[in-house]
Amino acid sequence: MAPPIGFVSTREDAAARVAYLFSETVLSVQPNLKASPSVGFQHALDRMVHHKVRGIVAKRGTLPSIYSVRHNADPFLTVVEELGKTPFVSVTAPSSTLPAAITHLAKLAKFPVVIHVSMSRSFADFSEIISLRQLGFTLIQSFSLQEAQDLAIASHILATRIGKGVIHFFHQHEGEETPIPFEKVSKLDNVVYRSARVYGVGAENVVDNKGHWDNTAGDVSSESAMDRTIVDETNIDQRNLIHDLTRVDYTTAAGLFQATEAVFDIIRVALGRTYKAFDYHGAGNADTALLIFGSSAKDFITAIRQADSGNIYSKVGVITVRIYRPWSAEKLLATIPQSVKRLGVLEQIHRQTTKWGPVLLDVISSLNSDLSTTTAIPVVVGYQLGYLDNKTIGQALRGISQNIQSKTPIQNLLVGGPVSHDVDLEYHLSQPELETAYSKMLFNVFGARLSILNSLDSNESGIPQTISSNPEYGFGAYLAKEEEKEVFVSKLQKAINANVFTNQETKNLVLRWLLLNRESSSTLSEVGAELISSLESDGSEIACEFLKDKAFFLGTTSWIIGSDAWSYDPGTSGVHNVIASGKNVNVLIIDSQPYTARATTDVSRRKKDIGLYAMNYSNSYVASIAVYSSYTQALQALIEADKFAGPSIVIAYLPYNEETDSALNVLQETKKAVDSGYWPLYRWDPRPDDSGLPNFQLDSQALKKELKDFLERENHLAQLARRVPIFGENIAGSYGSNLRSQQRRKAKDAYSKLIDSLTGPPLTILFASDGGTAENLAKRLHRRAKGRGLGAVVMAMDDFLVEDLVAEENLVIVTSTAGQGEFPQNGRKFWETIKSSTDLNLTSVHYAVFGLGDSHYWPRKQDAVYYNKPSKDLNYRLEILGAKRIVGLGLGNIQDPDGHETAYLVWEIQLWKALGVDGVGVFVDESPPATNEDIKIQSNYLRGTIVEGLNDETTGGISASDFQVAKFHGVYLQDDRDIREHRKASGLEPAYSFMIRVRMPAGISTPAQWLAIDQIADENGNHTFKITTRGTYQLHGVIKKNLKSAVKAINAALLDTIAACGDANRNLVCAGLPYNHSLHKELTSYARDLSEHLLPRMTAYHEIWLTDGNDEKKLVAGNATVDFEPLYGASYLPRKFKIAIAMPPHNDVDVFAHDVGLIAIVDAEGKLAGFNVLAGGGMGVTHNNKKTYPRTGSLLGYVKKEDVVVVCEKIMLIQRDNGDRKARNQARLQYTIDHMGIDVFRQKTEEILGFKFEEAHAFRFESNIDHFGWVKDERGLNHFTMFVENGRIQDTPDVRIKAGLREIALAMKSGGEFRLTGNQHVILSNIAEKDMPAVTRLIAEYKLDNLRHSGLRLSSSACVGFPTCGVAIAESERYLPIFISKLESYLEELGLRHDSVILRMTGCPNGCVRPWLAEVAMVGKAYGAYNLMLGGGYDGQRLNKLYRSSVNEEQALELLKPLFKRWALERREGEHFGDFLIRAGVIKPTLEGKKFHDDVAEEDDE
Ligand code: SF4
């Protein structure tokens, strides 16, 4: 409960508030990422900042600066640096952070810094305070809330006066305390002022010799205003003060103690409360006293007070210590009653490292000092104070009393329960969940050889984690292990000399091992493994003896793992010692600071670049890695570090804000850091290569300045550049600088041209556009404006400098609407600037805004606000800034009869009128922009200007028209969406790269082809590849300069990419059918025939991609070489065309979703007879455009197998000639058929075929999923269908699927195939028995079996979506696994873990994973929002329907969980989820595509 206004209720609150008032800088050490920032000290600090409370010592007009620093980021280094700027620095920190900061604290003690330390209530380890006793701090302890406030004030006054550090510590109170009022600012002013007089100097001088003390500070906050209305004129009369300090020497302990008492005196007079160095509680005639240095002192006092007179401890008194340092023997002696005969000293120290506790020694030396006037020195007994609560305190007191009163008391008895060494940590040193990514990698790579020397989770030997986690501890452990190993090796040597091994093989292996060990050979572990098995089979006593330490045989790889906290000061953190040792030990330092948060860190706090630090040392292997940028590079670095026979420093990036951050956040942060050069990826081997230089390998594109400087300084740059010119250019220029300068030059030229052409009154047209519609509209307006004689310019909003707005005369802005009413990407920066700008005066600007929106995009009433929001916001904001409207806001609505044009045309006429140019006779070239059809025709059989585009080094992309043409070559221009905005803000073009899709009919490739693709992905792509829903390979992240070599390499592997995309027949998908070889073989041959038959005959492909340096064409076997397209003609098809072949009862290719679906029909002998032919399936939809819908194929009839090729051809030709070539969203065969009518279409087809379709044969599908696991075919060959989540082949710290499949491909020595399924999985096919042991072992080793997945996950699929798909509006592939994880435990509870439910997710409605046929689908509507679709058929024959639009994760889970529960409880035998939802009336069935938008569960509110 919050305390009343003007009150504080916790000790941390009280101390923090005082710290704020008395400081210019407060450093708040954050204990734990998980801890809420609104607890502890931070809460009060936040509140003060929020209310803009003026500090007592802050300079006029400024507020104290508050820095929050994570405990693991070397927080006390900041204090050292801050002290150089102001003397008024204080720290708030949990006690557990102190021991690690001891080297800084030693320096800080010499400055007037105040550190407020909070200790946990019951588990505090007072040794954290005790360990600071010799540093020179004054150490003051508070015991209550009131004391915490008063002594916090005292600490600040004292520190200022003595010019030395003060630590004020207290333990937390359990639960709420009775709130106490704040000491008012006015009163504190007075206290300080009076204290100045007491010290005999002017207040200004006490507080600030620069004179910025201001005790009449104007109020800027409610808190201080409130304070100052109740001015308390406390007078501290100097005569009331006992102490006069004007002549005290603060350099002595006695002087410091005197000063502390004097300040306590001021507090007494000013605030009315008395504090002493020691307090005594209890009877004046007590015979026993207990000096308690721990958190339960108060409980002891209470228990003694409440004790009956007969109780053994009723005559026990308690002494508490308030001023721990300087220690005053005199005051202690004066506190102990004369009657005391026995004195117990209770120290709350978790791990006693000396026989006698430090406080016990203080007490004993006081009693034995000259000051002691006591004739009979009491018996002193030390105790270790453990965990106690109210209920056990009496029992403890009894035990203490009995012991102390016995004749021979036992020393060092533990009182209370033992405390775990780590339980008191307010922060935990165990690795955050995310950081285990690197530990997992280490384990994966090194397995049993791995030794993590400072294992954070181990609790060995009772060493506290604060110690066991640091590098020196790890290094010590390494040295100890080395010694052990030496003993082991010498024992082994002796054994061999004594010829104790009887087995000759063992003898040989031992000798080899000893030799390799001497040479530190990298093959040691292999020989060691052999030796172990030899010793195991030897079985002799001596063999068993050596096997006890068999880990030594494997040659452990030793790693110390730490955080970036070690980077602030490599010297004190111990990293330096490791490097300097030259020993073969590896250090992995994980840096978790997010790239986007780097700007918010204190600029004076700079982590050292440990990589550079180590490189300068020249004896260490150094690597900088980021697992979420390049797993392969990280892996390589770890392996190299292990092999390097000396110290290795690997700095690893893993940015996150909170431990709960998803891997997706980490990935996005990593990309930005690597792309910008903030976190370059590199490997450095100090051993000279052939040229005599250390080996530096830059693995990312960009390089930060410090590293570049280092390379230059070392004179490596020039030589590196000479050796690898492009690489050198990267280093010399820093990534992007060349590109940027060229882009600037281009822009400048264009601008100059523009200026020259300006004639009439100016008109600046800005646009914000994601899809291009607003941009086209703006450009058309621009042409028309120029035609009317206006001096018009047009550009994207973000390309315009907002500062120049004031000088604009006429401004027109056209913007579309993105996501949830957001600005499109290229208008966001502009909007953010003018939205928050308060000093823009636009009174001389005239403006008009036109917006493009969709009134149906957000059907719910509460979301109506998103409709055309950017234009509305902009229109309003410009008015607020003083601009004058030329015409009212124009709102284009896609739902109007002519779409946006309906409103636009009216608006434009008004605009010309208002500008006075409506009557101007105009000639404007209104020819529309080139359409896809124009581009195809003008491309000269798909050449376009691709060759020129590939040679243009000023951009990583290609032109818009080449973009369309390149698709026919299987190549797609994309850019990394994760860093698009970030690059734009840096003035860089998008991070362009290409996607390459392979044509591979029926998805069949050889192991060699798999290996080739794997290699191309590594060498030319982003180290991953995807299995697509058309059962083929797709490579991503291929940059332009690698594009041609990648396509060439694909062709060299006897694959190609022709028409894998584009308006032609795409890759043929065919049923997997692993159990029936002969049928599958036949289906495959039809798939190949069809693919070849319908292949574009273009020669451009060979010219562009397969020419070598001499321009010689390399032909792919079987392809024609003339520019003639017998099937397609020069304009190819209106849209893409897809064919699939299915074999009932498995519909694993979703045969109803394709333009042509072929359902294989077998005869009575099980031989292929022919096909039922479906036509007009299609999945592409545009949100809220009811003219678009998904459609399942219509059954045309049956044809014999020998006719199937010609049937497909004729269907394609009818589509070629009848498809809509104007509206691409109406161009697919599905619409052609619906426009024409299925009967007419069938008739037309039959006419050109010259024969009729026979009546369709009966067939039945059972499912459209893949069936996982092993099957044997009729020849006895084996097939394993393997689950590949969303088809992504990549290595992650959790699963190394890419590495595993590579090994498997190598192990398929007797042949076999990799078949890629239309559900994005892999079938390891045709595996001979003799390869089975190796293959099954590898499947198990790499965890590639399917058993561990839920039915839901096994039946799920997602399209690529972010970050590469250019049209994605929501996450899909990266998010679906996360979403499924959130459902799985619930399904398990319901007993549905193994039930298959088809769940598909796409990033947009284009439908790449056929979402509309899934039982549950989530189709991206905006970032983080999806349309939830339900009710698809399990066999792939029934479409689903919209259930709720635009749901976020929470809503989707809330909607789905009760439905799954109902299904679990109410389903009929074998009833699938989609069918159940329809039977239960949850959703209406969609029986044909045209009815897709009818009867939706959620009606528009409009
Ligand atoms: S469905 Fe949309 S977002 Fe997903 S890959 Fe296809 S086009 Fe991209």
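Computed from heavy atoms alone, side chains included, the values below leave out hydrogens, waters and symmetry copies.
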Could you report the tightest heavy-atom contact between T1402 and P1411, atom names first, then the distance? CG2-CG, 3.7 Å
For Q964 and N932: C-alpha separation, side-chain torsions, deciding distance, then whether side-chain hydrogen bond (donor to acceptor under 3.5 Å, both in side chains) applies. CA-CA 7 Å; Q964 298 300 339; N932 276 47; 3.0 Å; yes
Quick test of your reading of the model: are E1247 and K1210 salt-bridged, counting only N-O distances below 4.0 Å? no
Pairwise distance OG(S1085) to CG(L1090) - rounded to 0.5 angstrom: 9.5 Å
Apply side-chain contact (heavy atoms from CB on, under 4.5 Å) to the pair L1477 and Y1443, showing each step before the final yes or no. CA-CA 11 Å; L1477 294 176; Y1443 183 62; over 6 Å; no
Quick one, Q895 and Y867 - any side-chain contact, counting heavy atoms below 4.5 Å? no
Taking S1263 for its side chain and Y1434 for its backbone only, find out whether a donor-acceptor pair lies under 3.5 Å. no
If you measure from CG on L1229 to CG on D1234, what distance do you get to the nearest 0.5 Å? 9.5 Å
Considering only heavy atoms from C-beta outward, does the side chain of L1196 approach that of I1238 to under 4.5 Å? yes
Side-chain ion pair, D863 and K1421, N-O less than 4.0 Å: no
Are the side chain of T1032 and the backbone N or O of V998 linked by a donor-acceptor pair below 3.5 Å? yes
Evaluate whether atom NZ of K1201 has more than 12 neighbouring non-hydrogen atoms of other residues, nucleotides or ligands under 6.0 angstrom away. yes
Chi angles and distances behind the side-chain contact (heavy atoms from CB on, under 4.5 Å) call for L891, S871: CA-CA 8 Å; L891 295 177; S871 59; 3.6 Å; yes
Would you call H1183 and V1419 a side-chain contact if the rule is heavy atoms closer than 4.5 Å? yes
For E1255, is the CD atom crowded, meaning more than 12 foreign heavy atoms sit under 6.0 Å from it? no
Between the side chain of N1067 and the main-chain N/O of A1060, is any donor-acceptor distance below 3.5 Å? no
Side chain to side chain, N1172 and I1161, heavy atoms closer than 4.5 Å: yes
Over all heavy atoms of both residues, which pair between P1144 and A1160 is shortest? Give the atoms and the distance, please. CD-O, 3.3 Å
I'd like to know if R1216 pairs up with E1125 as an ion pair, taking the criterion as any Lys NZ or Arg NE/NH1/NH2 lying under 4.0 Å from an Asp or Glu carboxylate oxygen. no
H1093 side chain to D1089 main-chain N or O, any donor-acceptor pair under 3.5 Å? no
Steps toward side-chain contact (heavy atoms from CB on, under 4.5 Å) verdict (I894, H900): CA-CA 5 Å; I894 193 70; H900 302 126; 3.8 Å; yes
Verdict with supporting geometry, R997 and R1030, side-chain contact (heavy atoms from CB on, under 4.5 Å): CA-CA 10 Å; R997 198 179 285 153; R1030 299 210 69 71; 6.0 Å; no
Does the side chain of Y1086 come within less than 4.5 Å of L1168's, by heavy atoms? yes
Checking the side chain of K1186 only, and the main-chain atoms of H1493 only, is there a donor and an acceptor separated by less than 3.5 Å? no
First locate atom CG of L1213, then atom CG of N1218, and finally report the distance between them rounded to the nearest 0.5 Å. 10.5 Å
If every non-hydrogen atom of T1188 is compared with every non-hydrogen atom of T1182, which pair is closest and at what distance? OG1-N, 2.9 Å
Which pair of non-hydrogen atoms, one from F1473 and one from V1416, has the smallest distance, and what is that distance? CE2-CG2, 3.5 Å
Do the non-hydrogen side-chain atoms of I1159 and F1261 ever get within less than 4.5 Å of each other? yes
Between the side chain of W1412 and the main-chain N/O of L1439, is any donor-acceptor distance below 3.5 Å? no
Is the charged tip of K1490 near the ring of Y1189: under 6.0 Å from the six-membered ring centre and within 45° of its axis? no
Hey, does the side chain of T817 reach the backbone of L852 with a donor-acceptor pair shorter than 3.5 angstrom? yes
Would you please classify the geometry between the F850 ring and the W907 ring as parallel, tilted or perpendicular, with 30° and 60° separating the classes? tilted
Pairwise distance CG(D1056) to OG(S1091) - rounded to 0.5 angstrom: 8.0 Å
Stepwise salt bridge (charged side-chain N to carboxylate O under 4.0 Å, His left out) test for K1222 and E933: CA-CA 8 Å; K1222 288 209 171 70; E933 291 304 309; over 6 Å; no
Give me the atom names and distance for the closest heavy-atom approach of R1135 to A1227. CG-CB, 3.0 Å
Between D934 and T931, do the side chains contain an N or O donor and an N or O acceptor separated by less than 3.5 Å? yes
If the test is salt bridge (charged side-chain N to carboxylate O under 4.0 Å, His left out), which one of K1136, R1224, K967, R1221 qualifies with D1063? R1224
Side-chain contact, heavy-atom cut-off 4.5 Å: L1094 with L1127? yes
Is there side-chain contact between M1098 and H969, with at least one heavy-atom pair below 4.5 Å? yes
Approximate separation, where rounding is to 0.5 Å, of L1430 CG and T1486 OG1: 10.5 Å
To the nearest 0.5 angstrom, please state how far the CG atom of D1217 sits from the CE atom of M1212. 10.0 Å
For K1252, is there any backbone N or O sitting under 3.5 Å from a side-chain donor or acceptor partner on R1242? no
State, to 0.1 Å, how close D896 and T902 come at their nearest heavy-atom pair, and which atoms those are. CB-OG1, 3.4 Å
Would you say the side-chain atoms of R1410 pair up with the backbone N or O of G1436, donor to acceptor, closer than 3.5 Å? no
How about Y857 and S1446: does a side-chain donor come under 3.5 Å of a side-chain acceptor? no
In terms of side-chain geometry, is the basic nitrogen of D1155 or R1066 positioned less than 4.0 Å from the acidic oxygen of its partner? no
Audit row: D1148, N1319, side-chain hydrogen bond (donor to acceptor under 3.5 Å, both in side chains) steps and yes/no: CA-CA 7 Å; D1148 52 352; N1319 281 319; over 6 Å; no
So, the side chain of Y972 versus the backbone of C1365: is there a donor-acceptor pair under 3.5 Å, distance only? no
